[in-house]
Amino acid sequence: MDTNRSFAKSSFRRLHIDRKMMGILVVFTVLGIFLTISVIVATNTLSGLRGYSTFQVNWTEARKDAAFHLLNYINTGDDVYLVGFKDAMQLIDNASNIRSELKAEDTDTAYLRKLFIECHTVPDDIDNMIRTYQWFHSFGDFQIAIQEWIDSDGTMREMEELANEAQMLVNTNSLTLERQQELTNQVLALDQRLRGSKLRLAAALSSGTQLLNFIMLWIAVSLGLILLITGGMLSFRFLKSIKNWEREIEINEQKYRSLYEQNPNAVFSLSRDGLLISANQVFEKAVGMRAEVLRGSTIDRFVEKSDIKKLQFHFHRTLEGTPQHYETAVVLKKSAPMHVEVTNLPMVVDGEIIGVYGIARDITYRKEAELKIKEQLEEKTHLIAEVHDRVKNNLALVSSLIQLQQNLSKQPSSGSFFDNTISRIHSMAMVHERLYQNETFSSIRMDEYVNELLETIQRKYSSPSANVELITQTNPVTLSIKQSIPTGLLLNELLVNAFKHGITEDKGKIEVYLSQEDDEVVIKVSDTGPGLCEDFDLKQAKTLGMTLISVLLRQLDADYQLSNEEGTTFTIRFNGKDVLSRAG
């Protein structure tokens, strides 16, 4: 759904609908709406005017009936004519009430409809009559018509007063012939005045109707002309946009063909069925066949059989909308297999995936270079492994020779010297042993080394019956070969001293701590022995072990701290930037 919406937006943009065109379109739409509204208003107004014309006829007929019945009543005294007069006056009173309700600010529409119906108005015209009055009552002609209406109602009030007087005279038998004649003349005069008012009212309504017809005609013609002009401009710009769109499509097609044909890699397209649709010249040159000949066939024929399932997997994943990137080997009849790096992209049209684009890059040279590098790496790996193995064996040989010399020595005091030397050689041999066992020959895990070294020194310098408590707290720390050997020798000296001098009467506690905090490696070895003398200075030490510790500290560029509280605690800190990796 989102893809379709995106495509629709891009298609809309291609129409080059600029601001001018949008402005014309807006004007065209507004004018069309305004013309429609004008037609509706004109139709409703004409319907309202028609209703008022009918209303005028009904009012005129009521006026005539009122005058007729009043004259007969005056001359005959028959109550039937008085009832007829009052019925006619009822319609005229309703008409007056209609005018008053129309002029009111809060017009009661339901009440107005009732009054109009009682005045014999066509129901379909009533709403239009109300709207016409509300829209055009301020026009000059309509003001004249309303004033004539008001004046006519005043005349009818005078006629009603004459009727009341005649009724009183008839009821009291006081109507003389002379007064009868006077009343008759007065009624005829009022009727004559109403006839003149009728003509003026009709003229005002006619003039207002003509004015409205002229205005509506002028509006319709003007809007029609403007609509015609804006429609023409809109059509012109739309046709121009179509041409621009066609030109843009042509340019994009040329860009696409240029990208397709000028690409240094093999580019091809496949249908959803996996059949070749098109291919560029690089593809044709690589396979040695024209794309027209290959069209409609699959590309499995050029791939190793073992890779066909892999190609199909990546093809179907691309059809699901996920671009794919993989390597395979292309088998050609006239040359050796060619290694290619393939990128598959979905071919999207109207928001739907209709096929797959493929881009194949020749990586045969890179594969051959990688193979050569791999062979050289394996050769160097074997060589380094052989070197470390020989170093380890030579160290073991030296250790054995020293052990043999110790056995042949006749001076008992030299035994400690030989043991210390053998221990130091053994600590270096353990480093090479671990390097030999690792996948890489550039670093070792010192926490594992510490545990192994501690076990070896404990077996050599502590009797099985000794009550020695060993506490080790080692976190994974990996050191480079440059730091591993001096660190191993340093640990060897500290642990040998702890076992030799920190255990009294075959009991004591030795703690070993190893960790790395950021780039700083921390080593701490402590025992519960008698400790060193208060004025001990490592730089002034005379023994070989302490001298060796001082040398190793300088080699590691390490800081140290010596504590004699409750035994001896040796804390060493140095920069571990040479750490290549950290076990997790």
Side-chain angles (χ1 to χ4, degrees), residues 1-15 242-364 366-367:
M1 187 68 180
D2 292 339
T3 306
N4 292 334
R5 190 181 297 111
S6 172
F7 178 79
K9 289 181 179 178
S10 63
S11 300
F12 183 77
R13 293 191 191 100
R14 293 194 191 108
L15 287 174
I242 293 295
K243 291 182 180 179
N244 291 335
W245 191 9
E246 291 175 350
R247 177 58 180 166
E248 183 179 343
I249 292 175
E250 181 182 352
I251 293 173
N252 288 337
E253 177 67 18
Q254 292 178 8
K255 291 178 180 178
Y256 164 75
R257 296 307 307 176
S258 177
L259 178 64
Y260 201 79
E261 295 295 341
Q262 303 301 323
N263 199 310
N265 302 314
V267 184
F268 56 93
S269 60
L270 304 173
S271 67
R272 289 189 64 92
D273 298 328
L275 304 179
L276 186 69
I277 299 175
S278 62
N280 66 352
Q281 295 179 358
V282 178
F283 182 92
E284 294 177 344
K285 184 177 179 180
V287 301
M289 299 178 68
R290 298 283 296 174
E292 289 79 2
V293 178
L294 295 172
R295 186 175 291 115
S297 61
T298 65
I299 61 173
D300 295 350
R301 58 193 292 185
F302 304 112
V303 181
E304 294 271 4
K305 290 184 178 180
S306 59
D307 283 355
I308 290 179
K309 288 186 177 180
K310 179 172 73 172
L311 258 68
Q312 293 175 347
F313 169 78
H314 290 295
F315 177 78
H316 290 296
R317 287 284 293 163
T318 307
L319 288 179
E320 293 173 359
T322 305
Q324 301 292 300
H325 190 76
Y326 58 94
E327 295 180 2
T328 187
V330 177
V331 181
L332 304 174
K333 293 182 178 179
K334 298 181 180 180
S335 62
M338 179 174 64
H339 295 278
V340 293
E341 187 177 60
V342 182
T343 299
N344 286 347
L345 302 171
M347 186 189 305
V348 182
V349 176
D350 290 340
E352 181 181 356
I353 299 176
I354 65 170
V356 172
Y357 284 119
I359 304 174
R361 184 163 65 94
D362 185 3
I363 58 170
T364 304
R366 192 187 78 186
K367 282 292 183 181

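The basis for the numbers below is simple: all heavy atoms, side chains too, and nothing from hydrogens, waters or symmetry mates.
Under the ring pair (Phe, Tyr, Trp, His ring centres under 6.0 Å) criterion, His339 pairs with no residue, sequence neighbours left out. Remark: Asn344 pairs with His314, Thr318, Gln324, Tyr326, Val342, Val356 by the side chain to side chain contact (heavy atoms under 4.5 Å, CB included) rule, at least two apart or across chains. Thr343 is linked by a side chain to side chain donor-acceptor pair (under 3.5 Å) to His325, counting only residues two or more places apart in sequence or in another chain. Annotation: side chain to side chain donor-acceptor pair (under 3.5 Å) contacts of Gln312 (sequence neighbours excluded): none. With sequence neighbours left out, the side chain to side chain contact (heavy atoms under 4.5 Å, CB included) criterion links Arg295 to Glu292. By the side chain to side chain contact (heavy atoms under 4.5 Å, CB included) test, Arg272 is found to be paired with Leu319, Ile353, residues two or more places apart in sequence or in another chain being considered. Remark: Phe313 engages no residue in a ring pair (Phe, Tyr, Trp, His ring centres under 6.0 Å) (not counting sequence neighbours).
Considering all non-hydrogen atoms of both residues, Leu345 and Pro323 come closest at CD2-CB, 3.9 Å. Closest non-hydrogen pair, Phe268 versus Ile359, comes out as CE2-N, 4.3 Å. When all heavy atoms are compared, the tightest approach of Tyr357 to Pro346 is CD1-O, 4.4 Å. Taking every heavy atom of both residues into account, Ser271 and Phe315 meet most closely at O-CZ, 3.3 Å.
A salt bridge links Glu327 to Arg366: at least one charged side-chain nitrogen sits closer than 4.0 Å to a carboxylate oxygen.
Looking at Asn280, its side chain does come within 3.5 Å of a backbone N or O of Asn265 through a donor-acceptor pair. A donor-acceptor pair under 3.5 Å is absent between the side-chain atoms of Asp307 and the main chain of Lys310, judged by distance alone.
One finds the OG atom of Ser269 at 11.0 Å from the CG atom of Leu275 (value rounded to the nearest 0.5 Å). Once rounded to the nearest 0.5 Å, the distance linking CD1 of Ile277 with CG of Leu270 reads 7.0 Å.
The closest side-chain heavy-atom distance from Val282 to Val267 is not below 4.5 Å.
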Between Thr328 and Val340, is the side chain to side chain contact (heavy atoms under 4.5 Å, CB included) condition met? List the steps. CA-CA 6 Å; Thr328 187; Val340 293; 3.6 Å; yes
